[in-house]
Amino acid sequence: METKYIKVDISELNKLSEPAQAIRRGELVAFPTETVYGLGANALNVDAVRSIFTAKGRPNDNPLIVHIAHIDMLKPLVAGIKPDALKLIAAFWPGPLTLVFQKSPVVPPEITGGLDTVAIRMPDHPVALELIQKAGVPIAAPSANRSGKPSPTLAEHVLEDMNGRISWIIDAGSCRVGLESTVLDLTGDIPTILRPGGITPEMIQQVTGRVQLDSGLIDGRGTEKPKSPGMKYVHYAPKGEVIVVSGEQKKVVQWINQSARKDEAAGIKSVVLAAMEHLSDYTVHIGKAFGAAGHPEEMAMNIFRLFRDCDQLGAHKIYVEAIPKEGIGLAVMNRLEKAAGRKIVKLE
Ligand code: TXA
Ligand code: MG
């Protein structure tokens, strides 16, 4: 299949007519959102939804998020909308918050992996909103990476993974948030975060008064049947081994420098991802700035691109400085821990 690639500036949204028609016809279109690039299909077309799993190489029990452009698109998809949902929607949509509702019969089981719930969000990106609007249907979209690879934050990443597998790639530059949306389950008594992201627990708490982290996020262990089925799969991993190191900054530097020296002697290529201000402390051959110290939002924006850069460099080992699990730092650390297979070096 030939993949058509277009660059779209927000002043030329009329260019989206063709890809929107492709969505209506049941084809796959990769599009930008404020979080990461999505791989979109008409959510009401079962064959189109099935082809997402084939293109990604994704297990089909891992459900998809449905993207909408207007609040009127929500009602037909869900069984009901609780007061908490209304408040959260008013506060954070469009934005990087996915809400899990009881689903209506309109939503095909292919989207939900057979669950009786459905995950829905309204992305905060003019290109995404216009594409959905023009298509006139809700768009089911996972991140537009091949399964197991880091989520794409540039259209080039999508091209790398999906060229020849999908109809269109829409390029609108880099994604502002850089990590996938927060997934919040509203079907229980207390709003429960299944996947941390750009909308933080603190922000949700302010609106609903109550919020909790899914037990799988607290323990560092998956629950037996994860509520967010995607969380059980290996994710976000570059090809090299990721080693996250936490502790007093001096000790972290010492430990990484020592390990990297051993690597070098053994002919192992290692890379360090660290706060910009710390880079000069490392004696490692290749160091890359993660973002400014104390700015987890910069780290969120850069991390997946850096993982892909490490792949290009042929890095065998990737040492990463841990950051505090505060604000969006919780989401950054969640992705780092997953990439590291939960192996964290804690220096006391
Ligand atoms: O920011 C994002 O959310 C991006 C952009 C493209 O919108 N999308 C994204 O989709 O990250 P994906 O498929 O890579 O991740 C969807 C996550 C998975 O962890 C999945 O298990 C969870 O949402 N999910 C989907 N439906 C669910 C449901 N009914 N109940 C619980 N979790 C659900
Ligand atoms: Mg994904």
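We count ligands from 1, going down the list as the structure has it; atoms in each ligand are counted the same way. Atoms considered below: every heavy atom in the structure, side chains included; atoms not considered: hydrogens, waters and symmetry mates. Each residue takes its place number in the sequence, starting with 1.
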Counting only heavy atoms closer than 4.0 Å, does ligand 1 sit against the backbone of [X], its side chain, both, or neither?
| X | result |
| --- | --- |
| H125 | neither |
| L194 | side chain |
| T117 | both |
| T112 | neither |
| R121 | side chain |

Is the shortest heavy-atom distance from the side chain of [X] to the side chain of [Y] under 4.5 Å?
| X | Y | answer |
| --- | --- | --- |
| L99 | D185 | no |
| F31 | L39 | no |
| L131 | I170 | yes |
| R305 | H157 | yes |
| P142 | I52 | yes |
| I120 | M73 | no |
| R308 | N145 | yes |

Closer than 4.0 Å to some heavy atom of [X] - which atoms of ligand 1 meet that?
| X | result |
| --- | --- |
| P142 | 6 (C), 10 (O), 12 (P), 13 (O) |
| R58 | 12 (P), 13 (O), 14 (O) |
| S143 | 8 (N), 9 (C), 10 (O), 12 (P), 14 (O) |
| G38 | 6 (C) |
| T35 | 1 (O), 2 (C), 4 (C), 5 (C) |
| L115 | 28 (C), 29 (N), 30 (N) |
| A119 | 25 (C), 26 (N), 27 (C), 29 (N) |

- Task: Check the pair E337 / K325 against salt bridge (charged side-chain N to carboxylate O under 4.0 Å, His left out), numbers first and verdict last.
- Result: CA-CA 12 Å; E337 284 173 10; K325 290 183 177 176; 2.9 Å; yes

- For V245, which fellow cluster members are found when Ile, Leu, Val, Met, Phe, Trp and Tyr are connected by side-chain heavy-atom distances below 4.5 angstrom, either directly or through intermediates?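 Reading the cluster by chain and number, V245 sits alongside I243, V252, V253, W255, I256, V272, Y282, V284, Y319, V345, L347.
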
- Determine whether any heavy atom of H67 lies closer than 4.0 Å to an atom of ligand 1.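 Yes, H67 has a heavy atom closer than 4.0 Å to ligand 1.
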
- Query: Between H70 and Q133, is a side-chain hydrogen bond (donor to acceptor under 3.5 Å, both in side chains) present by the stated rule, with each step listed?
  - Reply: CA-CA 8 Å; H70 194 274; Q133 200 74 261; over 6 Å; no

- I would like to know whether R195 and S181 meet side-chain hydrogen bond (donor to acceptor under 3.5 Å, both in side chains); could you show each step before the answer? CA-CA 8 Å; R195 178 177 74 181; S181 62; 3.3 Å; yes

Side chain or backbone, does [X] bring an N or O within less than 3.5 Å of an N or O on ligand 1?
| X | result |
| --- | --- |
| K56 | no |
| E180 | no |
| T33 | no |

- Message: Count I, L, V, M, F, W, Y as connected when their side-chain heavy atoms are under 4.5 Å apart, and connections chain through other members. Are I193 and I65 then in the same cluster?
- Response: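 No; I65 is not reachable from I193 via cluster members.
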
- Quick check: does S151 put an N/O/S atom under 2.8 Å from the Mg ion (ligand 2)?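 S151 does not place any N, O or S atom closer than 2.8 Å to the Mg ion (ligand 2).
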
- Query: For atom 20 (C) of ligand 1, which of V107, N62, L99 has the closest heavy atom?
  - Reply: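 Minimum heavy-atom distance to atom 20 (C) of ligand 1 goes to N62.
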
- Would you tell me which option among P96, P32, S151, P63 has the nearest heavy-atom contact to atom 33 (C) of ligand 1?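 Heavy atom nearest to atom 33 (C) of ligand 1 belongs to P63.
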
